[in-house]
Structure formats: C-alpha cells, structure tokens
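Numbers for residues simply follow the sequence, beginning at 1.
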Amino acid sequence: MAPSRLQAPSRLQAVDVTTLRAVLAEWRPLLLPSRFEKAQQASPHALQIGLRSLSGAHWLELSWQADAARLHTIPPPPRQGDGSTLAQQLQHALRGLALVEIRQQGWERVVELGFARRPGEPALRWLVAELMGRYSNLLLLDADRQVVALARQVKPQQSRLRPIGTGDPYQPPPPLAGEPPRLEEGFESWQRRLSLVPLPLQQALRDSYQGISPALVRQLLPTGWGDQAVGALSPAQWQQLWQAWRRWLTAVEGEHFGWQQTPEGYGCWGTDRAADPLAVNHGLASYFAAHLSTQELQQRRQHLRHRLEAEAARETRQASEQEALLAAVPEGEALQRRADALLSQRQPSRQCIDEAQKLYKTARKRRRSVAAITPRLEMHRQRLSGLEASLTYLDQADSLDQVASLATELEALLGERKHGSQGRSRQARHTQANEGVPQPLELHTAAGLALQVGRNHRQNEWIAFRQARRGDLWFHAQEIPGSHVVLKSSQQQPSEGDLQAAADLAAHFSRGRGNRRVPVVMVPTEELQRIPGAAPGTVRHRGGTVLWGEPQRALSLLPEV
C-alpha cells in the first residue's frame, strides 16, 4: 500500500495551559494509580513512558522540543531509544514505582508526576515537564526535590536567573506576570483591568491575565477584534467578550473539555463533552504527529536536495572537462600538418625533425583520446540525467519512504563512482534486500484500467521491465525529467480516455507539472531497451506517439488526502 501523504497546519499551535488542563483532566481517572513499566527516548527531544493501570497499558509522550513542547498519550510505540542515557536513568530511578499524583499549579505550564511505591505513600521521585517554548525541559527529581537527571542542562551563561544541572535543588520557573483568571471576578473589575492601558484588545488580554495564549485569544475574540483598541469597544461588544470569557473559565474550572480541529489549529473547550475519554489526548497526538512528520519530511528533503545538487554540479563540471578535451581533438589535424610542413623542407635540421616527431606524437594522442573521452562523456551525461530526474522525484515526494528510497539510490550512484560496476551491483543487492519489492503508485482510469507510476529509478525499472507485459503502454514526458507511467493495456483494449489519463499522469509527475500542457511520448513497453551501464530505469526507444498531457487534469485520478 502506498504511504499516505503528510499534511500539517502551516503554523503550529503551542500547548497552552488550557490544553494542558484538558490533557491532565483525561489522565487522572485513567492513570491514577498506574505502575511504571518502561522509558524510551524516541527522538532527541521526546521521551516515551509506558504505564500499566487496572484498565491496561498506556503510553505517554513528553517532549521539550522548542516549537513542539507537549505531553499526551500515544498508541503503543515500537521499541526504540531505550538505550539513551536519559531513558536509562528514568528506567533505573522509576523501576518498581507507581504514578500516584499529577500536579499542575495555577496557570503555569509545568506538570509534576509523582511516583511512589504504592498509593497513599509519599512520592520518591518526581518527573517534571516544563512546556515553555524554547525554555522547555524535562527533569527527574528525588524525594528531596534535587535534580537527578534532566533533558537539557542550563548553564549560568545560558540563564543567570535559573541555571539547572544534575544535583541542583529544583527551582520552579519565575512566577507569571498578570492576574490569575477567576470566575469570582466581577464584570466591572474585569473591564477596568483590561482598560487600564490603551492597548489593542489581544495585547490587553495577554498582558492583564495569566494563561492567555495567542490561540486562546483567537478563540475568545470574533474575527477582526484583536487589533481593536480596548477604548473603542462598545457596551455590546464588552458584554459579548465577557460572555465568551465566562464560558471559557467555566469550561476550564468544570473540566468540560472536548476536541475540535480548526483551520488555525485546534480547540479543546467550548464544545460538547466528548464521548471519547481521551479525545484531547488523541487529537493532540494526531495533530503533532502530522506536524512533526511534515517537518521531518521537509528537513530530509532539503538535506537530500543539497546532496543531489552537489553531485549534479560535480557531474556537470566533469562533463565540461571531457567536452573540452573532445573539442581539442580537431587540433590534432593542424598539428599533423605542421609536422608535415617541417619534414617537407629540402634539408630539415635535427631540431625540425625533433619538433615534428613531438607534433606527430601529440596528434596521435589527440586522435586516440576520442575512444576514451566519448564513453566517459556519455557516462557523465547519463549520471547527470539521472540526478536531474532524482531532483524531480524529490520535489514531488510526499512521504518519508519516498525520500528514503531516493537517498538509497544516491548511495548506489556514489558506490558506483567509487567501486565501478562491482560496487553498483553490490549496492543494488543491498537496496533490494532492505527495501524489498518496489511499491510504485497504483491507480486506475475512469474505465478501471490499471496504471502504474514510478516515483524513483528503481520503481521505473520495475514497472517498465519487470512488471510490463506485451501490450502494455509506456508514457513519459518528452525530453524532461519525470516518472515512468505504464498503462496496463494488456488487460483490455484501452480507450482514448485511458490513453489521455496516462498522458495526464506522466505530465503531472514530471518537471513540467507547472505547465498547462506537456508533450508526452507513448511507446509499447516491448519496444523499450535498457541502456547498458546506465542507472536503473534508464531506457531508450525509437519512434513513439506524442500526446498532450494536462497535469492539472491528473488530480482527479489521485487518491484524496
């Protein structure tokens, strides 16, 4: 099955104190008490903890990543990262203990998980998660609240106010500015507090009260109100804002939480209480998984693009050197004529004879070099063509698996350069062993005829030669890098609509995707030929029929994301 495409909101919404309270409200009835079982560090900035309660096994993820600090339940993860230093420290310190207490004070984004030998006994260890943007951290404290282990050391030169290291007594973050929101506060006091300084409404809310995040401001205020000055609000607007403020505080104090995905991010209050007892946790897990997967995809894509571009520049440079040598070959004829002229003298001197011999030797060397230069030049051109195709596949890659396959193919190219054909064969066997059977994109025309789209060189090779049958048709954008598309017309006679669909796909999965129309070559697969020594999926053919593909029209054939 082809991997699903990754989507995430363009701007990540941070976990604020409202979300934190919703998460913990779902944790307490489920996890108190629960026995600690395992700790593992899944990534450089996230720790996963396995707990077991009367209702079964549960996994928590706690992350101190600056732009994605979070905590929530997750599905049972694969075993990974249990050998990290932090995971081993937690594994040793929490072995045999149970989670018996979950603390979160006021409007701070700090959560403390207390572990004891059994419920009712004092906590022997505290796991503290501070979710404060770039200041986020995860700390393990002993019974005396001294730091036993922590995710991130904070040295004095990094923070004069609150340096933290192993063995230090734990100091909580500095107290928040502003007034704690309270249901007991009346309308006049609330209005007066917001009106003290003539600020835009969104800034007045955040400066006057604790726990007011940008996301909460968007949820409290109607569209367009944020930049409005507090002094410009009408009495009706004040009443409307007051009612929204009271609804939010009532939901938080009464722990009436739910999950709602929004175009800007998410909300966890102001909705009906969810039937799912872990609705907010499940929603957060999906929200951050989508964001982090997209972030990782972009990072890996960028890293691989730099490598491919560097290799392409190298091949271009080497091809230019060979072209310069080839261009110098005709000069050999001129050298030959100069040597003939020197020996044609009536009585050539010894010096003339020596000079002529040198010219003859250089001319012969130039002529012989053609046989060596031509295949080298062709090799560089083929590699460059393959790298340009890889860059096109990379631009259109929408999953981590696709990027990983392209990275593997690049390693195969580098192995070929270093070790020749022997290295290429060894790398090809290694690739096949690790990746198994290629998984090209499988689609169908409106009439139900199967289509295969190669998203990398190995998939192109697979569908064009290994999977193709007599009667299948091969499509490729003309003279530009792109995917191979094979229409399985051996199954039944294709219609004009089937041919057009294949041409549209070949245009869509090519460098010409941004054009309105792209010329596409159609060739029976039995007429394709491999190019000896070239990269997998490199073919040549004679003739063929040219169709016009429309990249945008191919979108109707692609699965919805």
May I have the step-by-step check of salt bridge (Lys or Arg N to Asp or Glu O under 4.0 Å) for Arg145 and Glu112, ending in yes or no? CA-CA 11 Å; Arg145 299 187 67 80; Glu112 298 187 359; 2.8 Å; yes
Please answer whether the main-chain N or O of Gln146 pairs with a side-chain N or O of Asp144 as donor and acceptor at a distance below 3.5 Å. no
Does a side-chain heavy-atom distance below 4.5 Å link Leu94 with Leu140? yes
Restricting to non-hydrogen atoms, name the atom on Ser84 and the atom on Gln41 that form the minimum distance, rounded to 0.1 Å. OG-OE1, 2.9 Å
Glu185 side chain near Arg193 side chain, heavy-atom distance below 4.5 Å: yes
Distance check, rounded to the nearest 0.5 Å: Arg125 atom CZ versus Arg117 atom CZ? 9.0 Å
Can you tell me how far CG of Leu131 sits from CG of Leu62, rounded to the nearest 0.5 angstrom? 8.0 Å
Donor-acceptor pair, Gln210 side chain versus Gly178 backbone, under 3.5 Å? yes
Please determine whether side-chain hydrogen bond (donor to acceptor under 3.5 Å, both in side chains) holds for the pair His58 and Ser34, giving the CA-CA distance in whole Å, both sets of side-chain angles, and the decisive distance to 0.1 Å. CA-CA 9 Å; His58 308 282; Ser34 56; over 6 Å; no
When you look at Lys38 and Ile49, which way does the side-chain contact (heavy atoms from CB on, under 4.5 Å) test go after all the steps? CA-CA 6 Å; Lys38 186 175 178 58; Ile49 297 177; over 6 Å; no
CG on Asp227 to CD on Gln203, rounded to 0.5 Å: 10.0 Å
Any side-chain heavy-atom pair of His92 and Gln88 under 4.5 Å: no
Do NZ/NE/NH1/NH2 and the carboxylate oxygens of Glu311 and Arg307 come within less than 4.0 Å? no
From His45 atom NE2 to Asn137 atom CG, the distance as rounded to the nearest 0.5 Å: 10.5 Å
Please confirm whether Trp269 and Phe257 have ring centers closer than 6.0 angstrom. no
Is the closest side-chain donor-acceptor distance between Asp395 and Thr392 under 3.5 Å? no
Which distance, rounded to the nearest 0.5 Å, do you find between the OG of Ser556 and the CG of Asp504? 7.5 Å
Does Leu558 reach the side chain of Leu505, with side-chain heavy atoms less than 4.5 Å apart? yes
Could you tell me whether the side chain of Glu409 and the main chain of His457 form a donor-acceptor pair under 3.5 Å? yes
Using the side-chain contact (heavy atoms from CB on, under 4.5 Å) rule, take Gln80 and Gln48 through it: C-alpha gap first, then chi angles, then the decisive distance, then the call. CA-CA 10 Å; Gln80 55 184 345; Gln48 296 170 342; 4.0 Å; yes
Quick one: closest heavy-atom pair of Leu90 and Ala39, and the distance? CB-CB, 4.0 Å
State whether Arg458 and Glu461 are salt-bridged, where the test is any N-O pair (Lys NZ or Arg NE/NH1/NH2 against Asp/Glu carboxylate O) under 4.0 Å. no
Plane angle bin for Tyr209 and Trp245 - parallel if under 30°, tilted between 30 and 60°, otherwise perpendicular: tilted
Do Val485 and Leu451 come within less than 4.5 Å of each other through their side chains, counting heavy atoms only? yes
Could you please spell out the steps behind the side-chain contact (heavy atoms from CB on, under 4.5 Å) verdict for His282 and Asp276? CA-CA 9 Å; His282 291 161; Asp276 179 4; 2.7 Å; yes
Would you mind reporting whether Leu394 and Leu308 have side-chain heavy atoms less than 4.5 Å apart? yes
Quickly, which of Thr166, Ile164, Val147 forms a side chain to side chain contact (heavy atoms under 4.5 Å, CB included) with Gln153? Name it, please. Thr166
Show the numbers, then the answer: is there a side-chain contact (heavy atoms from CB on, under 4.5 Å) between Val110 and Gln105? CA-CA 7 Å; Val110 178; Gln105 299 292 332; over 6 Å; no
Taking every heavy atom of Arg162 against every heavy atom of Val154, the minimum-distance pair comes out as O-CG1, 3.8 Å
If the threshold is 4.0 Å, N to carboxylate O, is there a salt bridge linking Glu101 and Arg103? yes
Kindly give the heavy-atom pair with the smallest separation between Asp16 and Ser213, and that separation in Å. OD2-OG, 2.7 Å
Between Arg152 and Trp64, is NZ or CZ placed under 6.0 angstrom from the six-membered ring centre and within 45° of the ring axis? no
Hey, is OH on Tyr170 packed in by over 12 heavy atoms from elsewhere, all under 6.0 Å? yes
Dump the intermediate steps for side-chain hydrogen bond (donor to acceptor under 3.5 Å, both in side chains) on Gln302 and His306, then the final yes or no. CA-CA 6 Å; Gln302 188 67 18; His306 288 159; 3.0 Å; yes
Does Ala204 offer a backbone N or O that forms a donor-acceptor pair with the side chain of Ser208 under 3.5 Å? yes
Measure the spacing between CG of Leu292 and CG of Leu297 and express it to the nearest 0.5 Å. 12.5 Å
NZ or CZ of Arg513 within 45° of Phe509 ring axis and under 6.0 Å: yes
Under 6.0 Å between ring centres: does that hold for Phe115 and Trp126? no
Residues Glu61, Arg70: salt bridge by 4.0 Å N-O rule: yes
Identify the heavy atoms of Ala407 and Leu304 that sit nearest to each other, and give their distance. N-CD2, 3.7 Å
Give me the atom names and distance for the closest heavy-atom approach of Val148 to Leu141. CG2-C, 4.0 Å
Does a side-chain N-to-carboxylate-O contact under 4.0 Å join Asp67 and Arg134? no
Check the orientation of Trp107 and Trp248. Use parallel for under 30°, tilted for 30 to 60°, and perpendicular for over 60°. tilted
Heavy-atom side-chain contact between Val453 and Pro440 under 4.5 Å: no
Decide yes or no on side-chain hydrogen bond (donor to acceptor under 3.5 Å, both in side chains) for Asn281 and Trp27, but give the supporting numbers first. CA-CA 9 Å; Asn281 278 269; Trp27 278 15; 2.8 Å; yes
Could you check whether the rings of Trp242 and Trp190 sit parallel, tilted or perpendicular, using 30° and 60° as the cut-offs? tilted
Would you indicate whether the side-chain heavy atoms of Pro214 and Arg206 approach each other to under 4.5 Å? yes
Between Glu253 and Arg246, does any NZ, NE, NH1 or NH2 come within less than 4.0 Å of an OD or OE carboxylate oxygen? no
Would you find more than 12 non-hydrogen atoms of other residues, nucleotides or ligands less than 6.0 Å from His303 atom NE2? no
Can a donor-acceptor pair be found between the side chains of Glu264 and Gln219 at a distance below 3.5 Å? no
If we ignore angles and hydrogens, is there a donor and acceptor under 3.5 Å between the side chains of Gln439 and Gln459? no
Is the positively charged end of Arg455 above the ring of Tyr393, judged by distance under 6.0 angstrom from the centroid and angle within 45° of the axis? no
